[in-house]
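What follows is a set of notes on a single structure, which appears directly below.
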Amino acid sequence: MKDILKLTVTELSLKLAKRELSSKEVTEAYLRQIADRDERIGAYITVCDGEAIDSAERVDAKRAEGDKLSPLAGIPVGIKDNICTRGLRTTCASRMLKAFVPPYDATVVERLHALGTVTLGKLNMDEFAMGSTTESSYFKKTRNPRSIEYVPGGSSGGSAAAVAADEAPFSLGSDTGGSIRQPASFCGVVGMKPTYGSVSRYGLIAFASSLDQIGPMTKNVCDNALVLNAITGHDRRDATSVSREYGDFTEELALGVKGMKLGLPDEFFGEGINGEVKEAVLGAAKVYERMGAEIVPVSIKMLDYALPAYYVISSAEASSNLARFDGVRYGYRSESYSDITELYKNSRSEGFGTEVKRRIMLGTFALSSGYYDAYYKKALQVRTLVMNDFARVFERCDCILAPVSPTTAYKLGEKSASPLEMYMGDIYTVPVNIAGIPSLSLPCGTDKKGLPIGMQLIGKAFSEATLYRVGNAYETECGVYHLLREGEQYEAY
Amino acid sequence: MKLIKDYELVCGLEVHVELATSTKIFCSCPTTFGAEPNTQCCPVCTGMPGALPVLNRQVVDYAVMAGLATNCRIAGYSKQDRKNYFYPDLPKAYQISQYDLPLCEGGYLEIETEEGKKRIGITRIHIEEDAGKLIHDVRYGTMIDCNRCGVPLIEIVSEPDIRSAEEAVAYVKKLRAVIMYTGVSDCRMNEGSLRCDVNLSVRKKGSEKFGTRTEMKNINSFTFIREAIEYEYKRQVEILEAGGAVVQETRRYDSETGETYSMRTKENANDYRYFPDPDLPPVILTDKEVDALGKAIPRLPDERKAYYTEKYGLSEYDAELLTENKRAADYFESVAEATDYPKLAANMMISELFALLPPDLDEVSIPIEPIHIAALATMAGEGTINSSVAKKLLRRIYETDSDPVKMVEQEGLAQINDAVLLKKYVDEAVAADTKSVTAYKAGNTKAAKAIMGKVMAMTGGRGNPAVINELLEAALLKL
């Protein structure tokens with residue numbers, strides 16, 4: 001039998017159902033891998049060994065009694081540390097929430113638990129999900145499992161690294177401006193940023209409420225669809241959650257791309273893109289053509305404006321969302337203060353890291369009296385224009401094929417001195433959040449340094465099934481990046 | 001006072017009213033007043049990380065009813081905004097309120113003034129959440145009670161149409177009555193479910209330009225509203241008369257001293273950085289929904305007032321008194337239906353019953369069956385009992401709520417109309433009270449009253465006063 005750690009969720013599910021494996025065996029294998037590798041990778045902030053084994057045993061017992069279980073029953077999962085887990089410390093990788101233990105589960109966690117998944121632990125991230133390298137975590141830096149000197153991307157760097165390092169068969173991340181897709185591409189795994197409103201945000205510690213969305217990170221496309229099935233759905237505790245028939249995301253997986261139209265937006269291949277990345281994504285376009293899809297040139301003219309609009313909107317919302325961390329009720333409280341104003345100031349100055357403070361100041365400024373119209377209101381107008389751009393494009397194609405990031409992974413420390421340069425790295429991912437539409441990130445090659453290159457498939461709202469179909473066609477043709485042996489990657493991609 | 005005469009007071013009110021929904025505005029925690037601290041809260045109303053607000057639709061319904069009852073236009077599309085500021089009683093560090101697109105706009109209320117009816121404009125009514133309460137304790141310092149966090153409020157903002165403390169009080173009384181009629185709030189000022197912010201400025205009479213205004217927050221009784229306005233008006237006039245300038249600021253009214261004190265000036269005022277709350281979709285209302293809510297509003301004070309003056313012949317003043325409180329108005333209507341003498345019943349209620357009841361009718365129920373007051377009015381109207389017996393009976397049934405008809409029968413309280421019997425009493429009294437008779441003859445007509453009292457006493461208070469009066473006058477004339 002294949003190494004447990006190399007089995008996909010889909011394969012694990014089958015073996016568990018046939019009782020060729022027990023959940024306890026699978027969980028133990030992953031906990032061993034975490035014990036062996038995580039000191040070097042640094043994907044986890046909190047590992048829950050004991051509880052994980054207990055829940056695995058409970059699922060095994062149920063299965064032994066002949067209970068009908070879900071496809072995810074008994075499968076371990078790693079959860080990004082901005083998603084609340086009852087009784088399990090949830091830090092947002094911040095000193096501010098270093099000791100915060102939520103009294104409730106996020107809706108996605110509730111859903112997964114109801115299906116019998118086994119929580120391995122909580123995954124590292126950029127502090128409050130602000131960043132693209134996971135270097136702004138208060139606790140530790142996470143390393144890219146494909147090449148240890150490089151960052152895993154961010155902010156869901158821990159979630160991507162855990163899957164890439166076989167420290168979790170799948171994980172949950174969150175994506176506000178690319179935080180699932182970019183680390184997925186840096187680490188060579190598959191990540192989905194679902195349509196805004198399809199996955200409940202209840203229990204996700206908000207960064208930018210109108211952009212945040214939880215999504216799955218997996219080894220391959222099929223697993224991703226399976227996990228998204230489990231976490232999608234209307235939640236009456238989230239007023240932005242959309243009530244509709246979501247269907248089965250795995251349904252169209254095998255249909256292939258023959259006759260489909262894939263849009264290639266000019267603007268995503270312009271100035272600033274690394275040559276190898278461009279070549280790899282255009283190479284993927286060729287693969288699709290070979291499989292019978294039509295490649296059509298399209299245009300997202302607002303691309304350049306999407307980035308500044310994103311930083312205004314996300315920082316503005318963050319400045320308000322993070323105001324509750326004031327040292328009064330929970331979270332970090334400064335030791336030194338003589339009145340309430342000082343308690344606020346010192347707790348927040350000491351509890352938040354540099355990047356978080358930078359964004360709070362940006363956002364506070366953008367919302368200030370006298371500046372609102374010039375910044376926030378303008379950004380909302382850009383948002384509408386970006387949406388219109390996408391709507392026009394989707395009249396001409398089934399989905400868009402584009403790079404995820406202009407480059408492959410950075411070296412640790414390479415970008416941490418220049419926030420602006422780091423923000424530029426988000427240029428291809430933020431328009432998707434601005435428009436509230438879904439995008440699937442999957443590997444499409446490797447650069448000369450051996451680092452994975454990612455492409456994204458962007459679709460109109462609620463077209464996740466289509467994106468999975470297109471993504472799966474590529475994997476069927478070229479193989480699953482994560483499951484190829486070292487050395488095989490060059491040839492296949 | 002010369003100084004005051006030259007100046008005009010300009011005042012607008014912001015009234016906060018807690019809505020009587022059973023659950024909070026953004027979660028399902030109960031809103032019951034007076035529970036143990038922090039027993040009625042959850043992750044949502046305590047602003048825990050990751051918790052999200054979901055609008056309680058009943059809050060919208062209630063606010064729309066309040067808007068319709070105050071003649072506002074109802075917005076088909078409105079939104080909720082965040083008002084950002086740090087304060088320990090505000091767990092999220094922002095209050096969810098409405099900024100530029102409120103639920104209701106452009107209404108008015110009519111008040112009675114010495115110069116007659118006056119319209120006070122209502123700029124807007126919006127929905128928002130209440131904050132928690134800080135409890136200061138010498139042993140433990142300041143503690144936070146989150147029970148009130150997320151209790152639904154409407155803020156009713158008036159136009160600066162108010163020109164005196166009396167008008168301000170009349171406006172708040174009217175507003176309170178109207179809202180209580182709709183049933184969307186109990187408006188208990190002592191429990192803080194109706195609170196008032198006063199914006200006040202003064203200007204030279206005849207001037208078009210408004211003066212610099214000050215704001216006094218959280219005033220919670222009619223007396224305090226009056227006192228705060230009078231004090232602040234005088235203070236501002238004195239500043240201007242002394243050649244000074246009023247500073248735009250928020251002032252605290254101290255009900256102990258009756259004075260106002262500066263809290264914060266415009267320079268250190270908060271920039272609330274309002275922006276649309278991304279957690280909450282816009283509030284959409286169809287005409288059909290608004291119509292349905294309009295139909296659910298019971299008849300309001302003005303409508304009832306008109307009905308009482310027209311149908312029952314009550315004076316404007318009496319009708320106003322009966323409609324100030326819905327409970328009293330409903331009660332009066334039940335009484336009026338059960339007697340042919342509604343005006344008499346109204347008088348009994350206003351002059352006798354209201355005197356027996358505590359001043360704030362909202363806190364208590366009336367302990368007499370309406371049918372018993374009606375019976376009393378009928379007996380008095382038909383001459384079965386005289387007015388003093390009626391008065392005494394009312395006081396007794398206020399204690400026991402027994403049937404006055406039976407009491408009259410059992411205790412023989414029926415009025416004595418028998419002229420022969422009454423003449424006997426009159427003659428006896430006249431013969432006995434020579435002193436009063438002499439005084440009467442000397443031109444002191446009041447002396448007849450003393451004899452009248454004696455006759456009444458001889459009848460055990462049951463004599464028909466009109467008949468006695470006639471007989472007495474005749475007897476005195478003959479002398």
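Below, chain A is the first sequence line, B the second, and so on; all start at residue 1. Reckoned from all heavy atoms, side chains included, excluding hydrogens, waters and symmetry mates.
With a threshold of 4.5 angstrom between heavy atoms, A:Arg236 approaches chain B through N, CA, C or O but not through any side-chain atom. With a 4.5 angstrom heavy-atom cutoff, A:Thr364 touches chain B via backbone and side-chain atoms both. Looking at A:Tyr371, neither its backbone nor its side chain comes within 4.5 Å of chain B, counting heavy atoms on both sides. Looking at B:Tyr94, the atoms closer than 4.5 Å to chain A (heavy atoms on both sides) all sit in the side chain, from C-beta outward.
At least one donor-acceptor pair closer than 3.5 Å links the side chain of A:Ser319 to the backbone N or O of A:Ala316. Distance alone, capped at 3.5 Å, places no donor-acceptor pair between the B:Arg124 side chain and the B:Pro102 backbone. Listed for the A:Asp126 side chain is a donor-acceptor partner under 3.5 Å among the backbone atoms of A:Ser136. A donor-acceptor contact shorter than 3.5 Å is absent between the side chain of B:Asp130 and the backbone of B:Pro152.
Ion pair A:Glu355/A:Arg358 flagged as a salt bridge, since at least one NZ, NE, NH1 or NH2 atom sits closer than 4.0 Å to an Asp/Glu carboxylate oxygen. Using a cutoff of 4.0 Å between basic side-chain nitrogens and carboxylate oxygens, B:Lys92 and B:Asp279 are not scored as salt-bridged. Taking the charged nitrogens against the carboxylate oxygens, B:Asp100 and B:Lys79 do have a contact shorter than 4.0 Å, which makes a salt bridge. With respect to the salt-bridge test (charged N to carboxylate O, under 4.0 angstrom), the residues B:Lys83 and B:Asp81 do not qualify. B:Arg148 and B:Asp89 are not joined by a salt bridge, as no carboxylate oxygen comes within less than 4.0 angstrom of a charged side-chain nitrogen.
Within residues 202-213 of chain A, the residues approaching chain B closer than 4.5 Å by heavy atoms are, in numerical order, A:Tyr202, A:Gly203, A:Leu204, A:Ile205, A:Ser209, A:Ser210. Of residues 106-114 of chain A, no residue lies under 4.5 Å from chain B by any heavy-atom pair.
Classified by interplanar angle (parallel below 30°, tilted 30° to 60°, perpendicular above 60°), the ring pair A:Phe128/A:Phe325 is tilted. Ring planes of A:Phe100 and A:Tyr330: tilted class, angle from 30 to 60°.
Here CD of B:Glu249 is found 11.0 Å from CD of B:Glu215. Values are rounded to the nearest 0.5 Å. The CD1 atom of B:Ile144 sits 6.0 Å away from the CG atom of B:Leu134 when rounded to the nearest 0.5 Å.
Highest contact tally toward chain A, considering only B:Pro91, B:Ala51, B:Ala93, B:Pro49, is held by B:Pro49 [criterion: heavy-atom pairs under 4.5 Å]. When B:Tyr87, B:Phe26, B:Tyr272 are compared by the number of non-hydrogen pairs under 4.5 Å with chain A, B:Tyr87 comes out ahead. Of all the listed residues (A:Asn321, A:Asn82, A:Thr90), the one sharing the greatest number of non-hydrogen pairs under 4.5 Å with chain B is A:Asn321. For chain B, the option among A:Ala239, A:Ser369, A:Cys84, A:Ser320 with the highest count of heavy-atom pairs below 4.5 Å is A:Ser320. Of the listed residues B:Gly50, B:Pro276, B:Ser28, the one with more heavy-atom pairs under 4.5 angstrom with chain A than any other is B:Gly50. Your options are B:Pro53, B:Pro281, B:Pro278, B:Cys42, and the one with the most heavy-atom pairs under 4.5 Å with chain A is B:Pro278.
In summary, the aromatic rings of B:Tyr274 and A:Tyr372 are positioned with their centroids too far apart to meet the 6.0 Å limit.
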